[in-house]
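Starting from 1, each residue takes its place in the sequence as its number. Predicted model, so just to flag it, every value in this text is computed and none were measured.
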Amino acid sequence: MSDQSPRFSRARLLVAGAAGAGLAVGGIGLERLAASDTGRSRRIPFHGAHQAGIATPAQDRLHFAAFDVTTDDRRELRDLLRAWTAAAAEMCEGRTVGGATDPLAPPVDTGEALGLEPARLTITFGFGPTLFGDRFGLGPRPAQLADLPLFAGDELDPERSGGDLAVQACADDPQVAFHAVRNLARIGRGIVVMRWSQLGFGRTSSTSRAQDTPRNLMGFKDGTNNLKLEDEQGLAQHVWAGPADDPKWMRGGTYLVTRRIRMLIEVWDRASLADQEATIGREKVDGAPLGGRHEHDEVDLTARTEAGEPLIPADAHIRLAAPKVNDGIRILRRGYSFTDGMDNELGQLDAGLFFICYQRDPRRQFVPLQRRLAQDDALNEYIKHTGSAVFACPPGTAPGGYIGSTLV
């Protein structure tokens, strides 16, 4: 394809426009939209050794989208990543996207975030398994990016699974997160099409010791023992691809797994409090492990009832997920609650957990952990997995670079 093809030229134009966003769009100044550095005006730097939005303190809202690449031209893919990186950096700074716009042409930035604060926006990019091989000459896909197996009980919808590229936008304002994905989709028009997307509200894990543990839609505190950004050693061991890991272009990156987990809310709501607590292995009100007094008490898997039975049942969720019984496996969780209206067949809420986790190698972390949960977890009576995807998230980039430059 010629360098002057419409799609290639548009990608090149968008790169230049996003980089030159100090100009005006349709007469609207592009000075920063936030004046202070507190609350929703806080900015999280886009550039860095690792991509933001992974170990960053989890925000309140999510817009996740997976895209399929419709071109076979490696140059177009490269220029799209340049354009996306430039636009993402601008949006995370609280700026609008793109350069000057012809008054007779549509504005480059869609405008719904004008006047809003940056709201701690982070934008994280990932590459799916289908991007590799001969298609773009990117070579073999990383061994860690193997397709996830089908787990017991999976009811996966292909239209909610997979994808060539992933965009995770997190913010404390839902409109800011929506604006980010909408504008990236617009920039990619003609090169990518959105395969599926998921809105999320209410984080279901804490990724910093400064954050309280949130509750999921089952009413239980979720992610009490999650990895935290302050645990640099734990992140280096379990999340970031290390200096000796292959492939080289992924060093400093990580691997992302998403699972859309529908909660059977109506069934759960009919279960007794005792049954709910036995299913999870924690007390519902204060989050303490059964047999403990406080949320962060160590989980005692050896404790017994007076009848000699395990105090935390053998099929309790926290027992089966505990690192102690999984060869020390740990993952960084970063999920969100979702609600997508009603199930038209049953007239029940289509709501649950959009599970997101990051790890150094899904084959050795997520897969064995999920296989154990899928087989024995008492929670399976109340949930079903309806979507699934895995992506390689390359390292971050410095100003002037772009996400994926180490690959393409």
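Across all non-hydrogen atoms, the minimal contact from Phe125 to Gln51 is N-OE1, 2.8 Å. Nearest heavy-atom pair across Ala322 and Leu301 is CB-CD1, 4.1 Å. Between Pro106 and Arg186, the closest heavy-atom pair is CB-NH2, 3.1 Å. Summarising the geometry of Gly53 relative to Tyr358, their closest heavy-atom pair is O-OH, 4.1 Å, with the distance given to 0.1 Å. Between Ala65 and Val181, the shortest heavy-atom contact is CB-CG1, 3.8 Å. The two residues Pro394 and Met250 come nearest to each other via the heavy atoms CA-SD, 3.7 Å.
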Open item on the list: For a side-chain hydrogen bond (donor to acceptor under 3.5 Å, both in side chains) check, start with the C-alpha distance between Asn183 and Thr110, then their side-chain angles and the critical distance, and finish with the verdict.
Closed with: CA-CA 7 Å; Asn183 279 270; Thr110 53; 2.8 Å; yes
Task: Residue pair Leu256, Val390: steps toward the side-chain contact (heavy atoms from CB on, under 4.5 Å) verdict - done: CA-CA 6 Å; Leu256 162 65; Val390 59; over 6 Å; no
Task: Worked verdict on Trp249 versus Ser405 for side-chain contact (heavy atoms from CB on, under 4.5 Å) - done: CA-CA 9 Å; Trp249 63 266; Ser405 62; over 6 Å; no
Task: Worked check of side-chain hydrogen bond (donor to acceptor under 3.5 Å, both in side chains) between Thr122 and Gln59 - done: CA-CA 9 Å; Thr122 57; Gln59 303 94 318; 3.0 Å; yes
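Salt bridge Lys228/Asp231: absent, no basic N to carboxylate O contact under 4.0 Å. A salt bridge links Lys324 with Glu298: at least one charged nitrogen is closer than 4.0 Å to a carboxylate oxygen. The pair Asp109-Arg95 does not meet the salt-bridge criterion, since no charged nitrogen lies less than 4.0 angstrom from a carboxylate oxygen. Between Asp297 and Arg282 there is no salt bridge, since no side-chain nitrogen of the basic residue lies less than 4.0 Å from a carboxylate oxygen of the acidic one. Using a cutoff of 4.0 Å between basic side-chain nitrogens and carboxylate oxygens, Glu112 and Arg182 are scored as salt-bridged. A salt bridge links Arg262 with Asp343: at least one charged nitrogen is closer than 4.0 Å to a carboxylate oxygen. For the pair Arg141 and Asp147, the salt-bridge criterion is met [side-chain N within less than 4.0 Å of a carboxylate O]. A salt bridge links Arg251 to Asp246: at least one charged side-chain nitrogen sits closer than 4.0 Å to a carboxylate oxygen. Residues Arg260 and Asp340 are paired through a salt bridge, judged by an N-O separation under 4.0 Å between the basic side chain and the carboxylate.
The shortest distance between side-chain heavy atoms of Val69 and Phe136 falls below 4.5 Å. Residues Leu121 and Met91 form a side-chain contact, since some pair of their non-hydrogen atoms from C-beta on lies under 4.5 Å apart. Taking 4.5 Å as the limit, every side-chain heavy atom of Leu332 sits out of range of all side-chain heavy atoms of Cys357. You'll find the side chain of Trp268 reaches within 4.5 Å of the side chain of Gln276, heavy atoms only. Proximity of Gln365 to His238: side-chain heavy atoms (C-beta onward) are separated by under 4.5 Å at one or more points. The shortest distance between side-chain heavy atoms of Phe201 and Pro174 does not fall below 4.5 Å. Within the 4.5 Å cutoff, side-chain heavy atoms of Val325 are placed close to those of Arg372. Taking the side chain as every heavy atom from C-beta outward, Gln375 and Arg371 never approach each other to under 4.5 Å.
Residues that satisfy the ring-ring contact (aromatic ring centres under 6.0 Å, His included) test with Trp240, not counting sequence neighbours, are His50.
Side chains of Thr224 and Glu295: a donor-acceptor N/O pair is present below 3.5 angstrom, by distance only. For the residue pair Glu230 / Ser208, a side-chain donor-acceptor distance below 3.5 Å is found, with atom types taken as modelled. Thr302 and Asp300 form a side-chain donor-acceptor contact under 3.5 Å, judged by distance and modelled atom types alone. When only modelled atom types and interatomic distance are considered, Arg259 and Ser388 share a side-chain donor-acceptor pair under 3.5 Å. Under 3.5 Å, the side chains of His385 and Asp154 contain no donor-acceptor pair of N or O atoms. Side chains of Asp222 and Ser205: a donor-acceptor N/O pair is absent below 3.5 angstrom, by distance only.
With Ser161 contributing its side chain and Gly387 its backbone, the two residues share no donor-acceptor pair below 3.5 Å. Using modelled atom types, no side-chain atom of Glu283 and backbone atom of Glu277 make a donor-acceptor pair closer than 3.5 Å. Looking only at distances, no side-chain donor or acceptor of Thr339 sits under 3.5 Å from a matching main-chain atom of Ala351. A donor-acceptor pair under 3.5 Å links the side-chain atoms of Arg334 to the main chain of Ile54, judged by distance alone. Side-chain atoms of Thr207 come within 3.5 Å of backbone atoms of Thr56 as a donor-acceptor pair (strictly under, hydrogens ignored). Under the 3.5 Å distance criterion, the side-chain polar atoms of Asp173 are matched with a main-chain donor or acceptor of Gln175. Distance alone, capped at 3.5 Å, is enough to place a donor-acceptor pair between the Gln211 side chain and the Ala58 backbone. No donor-acceptor pair under 3.5 Å is formed between the side chain of Arg195 and the backbone N or O of Leu165. A donor-acceptor pair under 3.5 Å is formed between the side chain of Asn326 and the backbone N or O of Leu320. Formation of a donor-acceptor pair under 3.5 Å by the Thr279 side chain with backbone atoms of Asp275 is found in this model.
The ring of Phe46 has its center no closer than 6.0 angstrom to the ring center of Trp84. Between Phe354 and Phe64, the ring center distance clears the sub-6.0 Å criterion. The ring of Phe67 has its center no closer than 6.0 angstrom to the ring center of Trp196.
Residue pairs satisfying the salt bridge (Lys or Arg N to Asp or Glu O under 4.0 Å) criterion with at least one member in residues 378-401, sequence neighbours excluded, are listed as follows: Glu155-Lys384. Applying the salt bridge (Lys or Arg N to Asp or Glu O under 4.0 Å) test to pairs two or more places apart or on separate chains, those with a residue in residues 232-245 are Asp245-Arg360.
Taken from CD in Gln168 to CD in Gln198, the straight-line distance is 12.5 Å, to the nearest 0.5 Å. For the atom pair CG (Asp350) and OG1 (Thr386), the distance works out to 7.0 Å, reported to the nearest 0.5 Å. To the nearest 0.5 Å, the span separating CZ on Phe338 from CD1 on Ile261 amounts to 8.5 Å. Separating the OG1 atom in Thr258 from the CG atom in Leu148 is a distance of 8.5 Å, to the nearest 0.5 Å. Expressed to the nearest 0.5 Å, how far CG of Asp73 lies from CG of Leu77 amounts to 9.0 Å. Separating the CZ atom in Arg333 from the CZ atom in Arg203 is a distance of 12.5 Å, to the nearest 0.5 Å.
The side-chain contact (heavy atoms from CB on, under 4.5 Å) with Glu76 is formed by just one residue from the set Leu81, Thr71, Val192, Thr70; it is Thr71.
Below 30°, between 30° and 60°, or above 60°: for Phe355 and Phe366 the angle between ring planes is between 30° and 60°, a tilted geometry.
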